[in-house]
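Below is one structure, written out as structure tokens; comments come after it.
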Amino acid sequence: MSQTQTAQTTDVSEVSRTVLLDGQAPSGAYVACPTFSQYGFGWLRDGAYCALALESVGERESVVRFHAFAARIIEARAARVEKIIAALDAGAPVASAEWLPTRYRLDGTEEGDHENGWPNFQLDGYGTWLFALHSLYGTDVPAELVPGARLAARYVAAAWRTPCYDYWEEFGDRVHTSTLAAIAAGLRGAARMLGDAGFDATADEIVEFIVARCVSDGVFVKGPEDDRVDASLVSLATPFALFPADEPVMAATIERIRSELASPSGGIRRYLGDDYYGGSPWVLLTAWLGWHDRVNGDEAGYRRAVEWVEGAVSPLGTLPEQIVSEPQLPEFVPQWEERWGPVADPLLWSHAKHLLLLNGAVEPWS
């Protein structure tokens, strides 16, 4: 990398660190985006990746505060979790408003009516949080976090077969491979943190389900009911290490993402047919693939990703959610802009993935 590239990387890296730290509320939650009308909340998934990113650059105090926040809000809902688990064990339905929410207000309270608000039932965030908690603490998790961690693990272990919204708050009537991967990785972490082999056994069952039901034409796909690839499938290898990068199906999936979801300039889109802001390339997904390339020795792929991501800095000097100059479906860009305004900027998850692109390790089970 040239001196100019090195200086630019350093500058953007400092911006990413600052955006994440400035985006942390007094409660410990990280706001998804401080300026976008729909994203002024804390997602456990986005927050977990912010924590992993800040852990990678030594900002431990911030990370500790986030994990305390997550454990606290989950433990506060212990009676609700027990009710959900009992219903699932009995084969009884769980009302939509009973599920734990995908996102919280920054003070840890909930928005209200699940039926009329945001698509607010996802399981991936709870699994990703457990994974990030294990990343920070290993087997030495503080005693005050154990009740929340155990509740989260029992919740996702009981609910993993349940259809829910995917990473993108879409397709709420389906089971999703990337969601299953987050749950399995979270349960692997929980098994180690809590000394409970039962969580590992459930993780094994989930991985077996992924292999049996979520592979089509030699690649991992969005889910049993959708044979498209989704860029979030990178997570099965990076960072969750459920499959090695050179496992044939995993390797073929990465190449399919690279060939099918890349924009003309090399940015990575979510999936084919995506119409959200035109299905444009996402900064965080481009960084995610580059992170995978770096930890697996693809220096050229890594360098391309760094150049693209750091070239996506907006006039605000920050990283947005996506770049709308290369949409799949151009007619949808003005529709979303009219509805919600310009794309989210800064998106904390974009800055988190930028730091992980540069610094993130993938050795969760060593």
Flag yes if more than 12 heavy atoms outside [X] fall under 6.0 Å of its [atom1] atom; otherwise flag no.
| X | atom1 | answer |
| --- | --- | --- |
| D173 | CG | yes |
| D217 | CG | no |
| E363 | CD | no |
| E338 | CD | no |
| R77 | CZ | yes |

Output the distance between atom [atom1] ([X]) and atom [atom2] ([Y]), rounded to the nearest 0.5 Å.
| X | Y | atom1 | atom2 | value |
| --- | --- | --- | --- | --- |
| L348 | L284 | CG | CG | 11.5 Å |
| D166 | E169 | CG | CD | 7.5 Å |
| N296 | T238 | CG | OG1 | 5.5 Å |
| Y277 | Q335 | OH | CD | 11.5 Å |
| Q322 | D274 | CD | CG | 7.5 Å |
| L100 | L151 | CG | CG | 9.0 Å |

Go through the steps for R65 and Q24 under the test side-chain hydrogen bond (donor to acceptor under 3.5 Å, both in side chains), then give the verdict. CA-CA 9 Å; R65 288 176 54 218; Q24 187 169 35; 3.1 Å; yes
Hey, is [X] close enough to [Y] for a salt bridge, meaning N to O under 4.0 Å?
| X | Y | value |
| --- | --- | --- |
| R105 | D107 | no |
| D293 | R258 | yes |
| R154 | E82 | yes |
| E307 | R304 | no |
| E170 | R270 | yes |
| D230 | R256 | no |

Between [X] and [Y] (side chain of the first, backbone of the second, donor and acceptor by atom type, cut-off under 3.5 Å), is there such a pair?
| X | Y | answer |
| --- | --- | --- |
| W99 | Q122 | no |
| E326 | S263 | no |
| T128 | A182 | no |
| T318 | S314 | no |
| R228 | L272 | yes |
| R192 | R188 | yes |
| T179 | D124 | no |
| E98 | R80 | no |
| S56 | G360 | no |
| E59 | S62 | no |

Taking the ring centre of each residue, are Y49 and W288 less than 6.0 Å apart? yes
Given the side-chain rings of F209 and W160, with only the six-membered ring counted for Trp, is the space between their centroids under 6.0 Å? yes
Check whether any side-chain heavy atom of P327 lies under 4.5 Å from a side-chain heavy atom of F332, and answer yes or no. no
In the structure I gave you, are the side-chain heavy atoms of V324 and W336 within less than 4.5 Å of one another anywhere? no
Where does the angle between the aromatic ring planes of Y276 and W282 fall among parallel (under 30°), tilted (30 to 60°) and perpendicular (over 60°)? tilted
Using 30° and 60° as the class limits, which term best fits the ring planes of F220 and F243: parallel, tilted or perpendicular? tilted
Taking a hydrophobic cluster as the set of Ile, Leu, Val, Met, Phe, Trp and Tyr residues connected by side-chain heavy atoms closer than 4.5 Å, whether directly or through intermediates, do L316 and L319 fall within one such cluster? no
The test is side chain to side chain contact (heavy atoms under 4.5 Å, CB included); show your working for T102 and W43 and say whether it passes. CA-CA 6 Å; T102 300; W43 271 256; 3.3 Å; yes
Run the side chain to side chain contact (heavy atoms under 4.5 Å, CB included) check on L136 and V64 step by step: do they pass? CA-CA 8 Å; L136 183 66; V64 167; 4.1 Å; yes
Could you walk me through whether S280 and I323 pass the side chain to side chain contact (heavy atoms under 4.5 Å, CB included) test, one step at a time? CA-CA 6 Å; S280 301; I323 304 302; 5.6 Å; no
Would you say the side chains of E321 and Y39 form a donor-acceptor pair under 3.5 Å? yes
So which of L357, L356, L355 actually passes side-chain contact (heavy atoms from CB on, under 4.5 Å) with N359? L355
Tell me whether the guanidinium CZ or amine NZ of K222 lies under 6.0 angstrom from the six-membered ring centre of F171 and within 45° of its axis. no
